[in-house]
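Inspection log for the structure reproduced underneath, given as structure tokens.
Each ligand, and each atom within it, is numbered from 1 in the order the structure gives.
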Amino acid sequence: MILPFIDSHAHLNLMPETHSPGDVYDRAREAGLEALINVGTDLERSRESVRLSAQFPHVFATVGLHPSDADLWTPELQKEIELLSHAPGVVAIGETGLDFSYPEPSQEDQIHSFRGQIALATSRDLPLVIHCRDAFESLFSILESMSLPSRPGVLHCFTGDQKAADRALEMGFYLSFSGILTFRNAESLREVAKHVPHDRILVETDCPYLAPVPYRGKTNEPSYLPETLSVLSLTRAADPARLAMEIRNNTRTLFALPDSV
Ligand SMILES: [Zn+2]
Ligand SMILES: [Zn+2]
């Protein structure tokens with residue numbers, strides 16, 4: 001049975017040459033893809049996301065700067081991203097956030113870029129796509145100190161503990177789960193995923209990374225997303241069709257997707 005799904009976080013523009021965006025998109029559509037959010041990670045890749053959104057009817061875009069490139073954040077770049085955020089198909093700002101698992105760029109640079117993008121998202125009233133690794137304390141204290149968009153956003157590829165989940169949910173964020181959920185050693189993450197309210201949960205591939213079991217280690221693509229959904233429905237003891245529908249609705253609400261897709 002094919003259940004329609006929305007991939008809330010993908011990078012079709014970062015796929016290897018063997019995986020052309022057109023082929024990947026076609027395979028995803030055959031597998032039930034209803035919509036896909038293609039996430040920008042720097043200015044050029046944000047432009048690519050906007051182009052993909054123009055090219056494929058079920059693709060939407062985000063524009064922003066990834067924490068791993070946070071040292072590139074300048075007032076000029078902020079202006080460019082702001083301008084690009086008005087393009088058709090743009091539904092969010094990001095991915096931004098904090099990743100302290102790498103020594104570079106400095107935490108100071110990451111925080112500066114993150115704050116700039118929160119301010120931008122709030123002024124445009126677009127939700128934030130947030131990447132966070134080993135930095136939840138700083139992340140929440142920054143988010144709590146600033147005004148946020150009316151739909152605050154999503155913590156993508158969520159791998160935090162229950163405490164981090166509770167704090168994010170309290171602030172109005174959605175939590176998105178990737179193929180990591182299907183990994184054998186991800187028992188504690190599944191325990192967290194079990195308790196996320198049904199109206200605040202999303203799924204994603206984060207392709208080309210993090211392919212779910214049984215594709216683990218291969219190039220990930222949106223047509224694999226049903227594997228993650230099926231583990232999630234087992235984990236939550238939820239009816240697969242119902243869960244798939246709730247997650248689609250959540251994604252539509254967060255990104256204000258048009259009814260026509
Ligand atoms: Zn990320
Ligand atoms: Zn990403």
Side-chain angles (χ1 to χ4, degrees), residues 6-16 19 21 24-25 28 33 35-53 59-73 81 84 89-102 104-105 107 109-111 113-114 117-118 121 126-136 138-140 142-143 152-160 164-165 168 173-181 183 186 189 202-212 218-222 224-225 228 251 254-255:
I6 300 180
D7 189 346
S8 75
H9 191 115
H11 303 283
L12 295 186
N13 50 322
L14 301 182
M15 302 293 284
H19 291 61
V24 171
Y25 178 80
L33 181 96
L36 175 151
I37 314 296
N38 202 85
V39 173
T41 49
D42 60 21
L43 182 58
E44 190 42 44
R45 284 153 177 178
S46 297
R47 288 190 174 126
E48 287 168 6
S49 292
V50 169
R51 280 198 289 270
L52 285 164
S53 167
V59 173
F60 297 85
T62 79
V63 296
L65 183 67
H66 194 279
S68 65
D69 282 319
D71 51 329
L72 302 176
W73 188 255
I81 299 276
L84 200 56
V90 173
V91 294
I93 299 296
E95 57 181 300
T96 177
L98 302 174
D99 192 329
F100 292 171
S101 66
Y102 300 109
E104 297 288 333
Q107 297 190 4
D109 281 349
Q110 293 192 37
I111 288 169
S113 165
F114 183 38
Q117 291 178 80
I118 296 170
L126 288 171
L128 285 155
V129 175
I130 294 179
H131 169 115
C132 182
R133 236 208 270 166
D134 298 342
F136 282 108
S138 307
L139 188 95
F140 290 126
I142 291 167
L143 288 169
V154 57
L155 267 59
H156 106 87
C157 191
F158 187 76
T159 50
F173 282 92
Y174 290 74
L175 302 181
S176 176
F177 293 90
S178 69
I180 292 176
L181 199 71
F183 296 176
L189 185 63
L202 306 184
V203 290
E204 65 178 82
T205 54
D206 200 15
C207 69
Y209 317 111
L210 300 173
K218 295 193 178 154
T219 298
N220 196 7
E221 59 173 76
Y224 298 166
L225 189 55
T228 302
T251 318
L254 172 62
F255 296 112

Inset, instruction - Using a cut-off of strictly less than 2.8 Å, determine whether Cys157 has an N/O/S atom near the Zn ion (ligand 1). - result: no
Legend entry - Which atom of Asp206 approaches the Zn ion (ligand 2) most closely (N/O/S): OD1
Inset, instruction - Search all heavy atoms of Asn220 against all heavy atoms of Tyr209 and return the closest pair with its distance. - result: ND2-O, 2.8 Å
Inset, instruction - Would you check if the side chain of Ser113 reaches a backbone N or O of Asp109 as a donor-acceptor pair within less than 3.5 Å? - result: no
Legend entry - Atom of Glu95 nearest the Zn ion (ligand 2) (restricted to N/O/S, atom name only): OE2
Inset, instruction - Could you check whether the rings of His9 and His11 sit parallel, tilted or perpendicular, using 30° and 60° as the cut-offs? - result: perpendicular
Inset, instruction - Can you tell me, to 10 degrees, how wide the angle at the Zn ion (ligand 2) is between NE2 on His11 and NE2 on His9? - result: 100°
Legend entry - Check: Pro67 main-chain N/O paired with Asp99 side-chain donor or acceptor under 3.5 Å: no
Inset, instruction - Taking all heavy atoms of Leu175 and all of Ala165, pick out the closest pair and write down the distance. - result: CD1-CB, 3.7 Å
Inset, instruction - Find, among atoms of His131 that are N, O or S, the one nearest to the Zn ion (ligand 1), and state its name. - result: ND1
Legend entry - Whether His156 has an N, O or S atom under 2.8 Å from the Zn ion (ligand 1): yes
